Number of protein chains: 2
Amino acid sequence: MTQLDLPTVIGDLVSVNHRLTRLAATVTGNTESPAVWRTLSVLRDLGPMRLGELAKVSRVTQPTMTKLVHALDERGWIRRIVDRDDARAMLISADPHGIAALDAWRIELANSLTPTFADLDDDELETLASAVEIVRTRLERSRAALVEAAASTGHVA
Amino acid sequence: MTQLDLPTVIGDLVSVNHRLTRLAATVTGNTESPAVWRTLSVLRDLGPMRLGELAKVSRVTQPTMTKLVHALDERGWIRRIVDRDDARAMLISADPHGIAALDAWRIELANSLTPTFADLDDDELETLASAVEIVRTRLERSRAALVEAAASTGHVA
DNA sequence: CAGTATACATAGCTTGGCTATGCATATCGC
DNA sequence: GCGATATGCATAGCCAAGCTATGTATACTG
């Protein structure tokens with residue numbers, strides 16, 4: 001029987017998470033980092049946004065995101081669209097090349113991890129998919145709270 | 001309805017994983033890194049082992065593990081036990097201080113993330129716990145395969 | 001006992017993360 | 001309209017975690 005108190009589940013979730021991250025990093029011959037795919041995933045899922053907002057959503061600081069965006073830009077994986085109404089700002093959007101690279105990574109990852117997860121039965125697969133959705137909704141809510149907090153402290157109505 | 005083909009679930013699992021890692025890193029005021037907790041978790045769950053094996057299990061290279069072990073040793077969070085029968089080797093074991101730090105981190109993490117997950121119903125909590133177990137068993141199996149492969153290529157019977 | 005294999009350490013690099021700070025542009029008060 | 005303040009991104013400089021290549025000491029093997 002698994003532990004069903006929330007603190008334990010949270011701790012186990014994050015611990016397993018950290019180990020899975022290393023497995024994902026090593027099984028593919030992939031030289032790219034989680035940060036790259038994370039950033040592209042966010043852009044694909046949520047659409048174009050400002051660098052600062054992208055940093056908040058990705059849970060990194062603005063200078064870190066500046067570096068990531070520059071690196072992605074050099075690869076042609078994103079586009080930087082200057083804001084006509086605000087010369088300081090820019091919109092970041094995923095370039096089709098970036099989306100293609102992201103898709104390729106997911107395929108490579110799936111191929112590499114399929115042996116590890118090949119014996120999942122339908123129930124287990126559904127459990128994993130449901131868990132992913134549960135976490136995703138919380139990440140989204142957390143993101144919304146962040147953006148709202150930033151808006152309320154700022155001057156924007 | 002969630003996507004139930006294995007490649008998609010794997011991709012989503014790892015993507016959400018990467019975002020959750022950042023959330024976990026930022027919600028706690030914590031300055032420690034995932035690598036530290038990952039290493040201590042492995043030592044706690046699997047018991048003392050050699051540095052090289054610890055590296056394999058953690059899915060990092062031996063030099064990376066050497067650095068981590070040195071850092072953990074300076075904090076007094078692990079112990080290095082010299083092997084009587086092999087002066088080159090050492091057993092790494094988690095020091096009680098390390099276990100205590102790990103526990104403290106899990107509590108802090110749970111406290112910080114509880115608001116985000118506070119609205120989980122019993123079914124959702126169980127789904128998360130089951131998913132953690134599913135992934136954990138695959139990580140374990142993957143680990144076993146690694147160790148076995150190393151043994152068969154080596155001269156050890 | 002020479003040669004090879006093994007276990008860990010060291011060197012040196014890259015990337016991703018951080019804080020502090022700079023610079024350009026908006027916006028607000030007067 | 002203009003100075004002061006706020007905002008958006010860039011730069012500088014640091015540290016940790018990851019890597020490959022290589023070194024050093026010990027063990028094993030012929």
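On a predicted model such as this, the values are computed, not experimentally measured, just so you know. No hydrogens, no waters, no symmetry mates; every other heavy atom, side chains included, goes into these values. Lettering follows sequence order; numbering is per chain, from 1.
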Comparing nearest nucleotides in DNA chain C, the 5'-proximal residue of the pair A:Asp85, B:Val69 is B:Val69
According to a strict under-4.0 Å criterion, is A:Arg59 in side-chain N/O contact with OP1 or OP2 of C:dC18?
no
Rounded interatomic separation in angstrom, taking CH2 from A:Trp37 and P from C:dG16
11 Å
Rounded distance in Å - CE (B:Met65) to P (D:dG18)
8 Å
C:dG17 phosphate, OP1 or OP2: any side-chain N/O from A:Arg38 under 4.0 angstrom?
yes
Looking at every strand, decide which applies to B:Met90 at a 4.0 Å heavy-atom threshold: base, sugar-phosphate, or nothing.
sugar-phosphate
Here the distance between atom P of C:dC8 and atom CZ of B:Arg80, to the nearest Å, is 10 Å
Phosphate-side-chain proximity, B:Ser33 and D:dA16, N/O vs OP1/OP2 below 4.0 Å
no
Nucleotides 19-25 of chain C: protein proximity per nucleotide (B base, S sugar-phosphate only, - neither; heavy atom, under 4.0 Å):
BB---BB
Is there a donor in the side chain of B:His97 and an acceptor in the side chain of B:Arg79, or the other way round, less than 3.5 Å apart?
no
Whole-Å distance between C:dT6 C1' and B:Glu53 CD?
15 Å
Atom of A:Ala55, atom of A:Met65 and distance for their closest heavy-atom approach:
CB-CB, 3.6 Å
Rounding to a whole Å, what distance do you find between A:Leu72:CG and C:dT15:P?
12 Å
Tell me which one of A:Thr28, A:Asp103, A:Val27, A:Leu113 satisfies side-chain contact (heavy atoms from CB on, under 4.5 Å) with A:Glu108.
A:Thr28
I need the CG-P distance between A:Leu54 and D:dA10, as an integer number of Å.
12 Å
Nearest atoms (heavy-atom pairs only) where B:Ile81 meets B:Ser93
CD1-OG, 4.1 Å
Indicate the atoms forming the closest heavy-atom contact of A:Asp119 with A:Glu124, along with that distance.
O-OE1, 4.0 Å
Which residue lies toward the 5' end of DNA chain C, B:Leu51 or A:Lys67, if each is placed at its nearest nucleotide?
B:Leu51
B:Glu74 CD to D:dC15 C1', straight-line distance once rounded to whole Å:
14 Å
Charged N to carboxylate O under 4.0 angstrom, A:Glu53 versus A:Lys56?
no
Under 3.5 Å, is there a donor-acceptor pair linking the side chains of A:Glu126 and A:Ser130?
no
Any side-chain N or O of A:Arg84 below 4.0 angstrom from OP1/OP2 of C:dA26?
no
Report the distance from atom CG of A:Leu68 to atom P of C:dT14, rounded to the nearest whole Å.
17 Å
